[in-house]
Amino acid sequence: MTQWYYNRRTGEVEEGAQSLGSDRDGPFDSKEDAARAPQIIAERARKWAEEDARDGR
């Protein structure tokens, strides 16, 4: 199965691990998800922050 990555430095979606790990987010299961990486990551961070606040961390 192909894995997709979002390159934070270039803003481009990559098929497979083409760039440095420090420059990319992923892997994602689809090209569409990789393209939405910044939004997905922000949503996850917001969810984790809410859970931490609820748990008193």
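For the numbers below, each heavy atom of this structure counts, side chains included, while hydrogens, waters and symmetry mates do not. We're numbering straight along the sequence, starting at 1.
Closest non-hydrogen pair, Ile40 versus Phe28, comes out as CD1-CE2, 4.1 Å. Considering all non-hydrogen atoms of both residues, Ser30 and Trp4 come closest at C-CD1, 3.4 Å.
The side-chain contact (heavy atoms from CB on, under 4.5 Å) test applied to Gln3 returns Tyr5, Pro27, not counting sequence neighbours. Judged as a side-chain hydrogen bond (donor to acceptor under 3.5 Å, both in side chains), and not counting sequence neighbours, the contacts of Asp23 are Arg9.
The backbone N or O of Tyr6 sits nowhere less than 3.5 Å from a side-chain atom of Arg24 that would complete a donor-acceptor pair.
The list of side chain to side chain donor-acceptor pair (under 3.5 Å) pairs with a residue in residues 41-53, not counting sequence neighbours, reads Asp52-Arg57.
Looking at Glu14 and Asn7, their side chains do bring a donor and an acceptor atom within 3.5 Å of each other.
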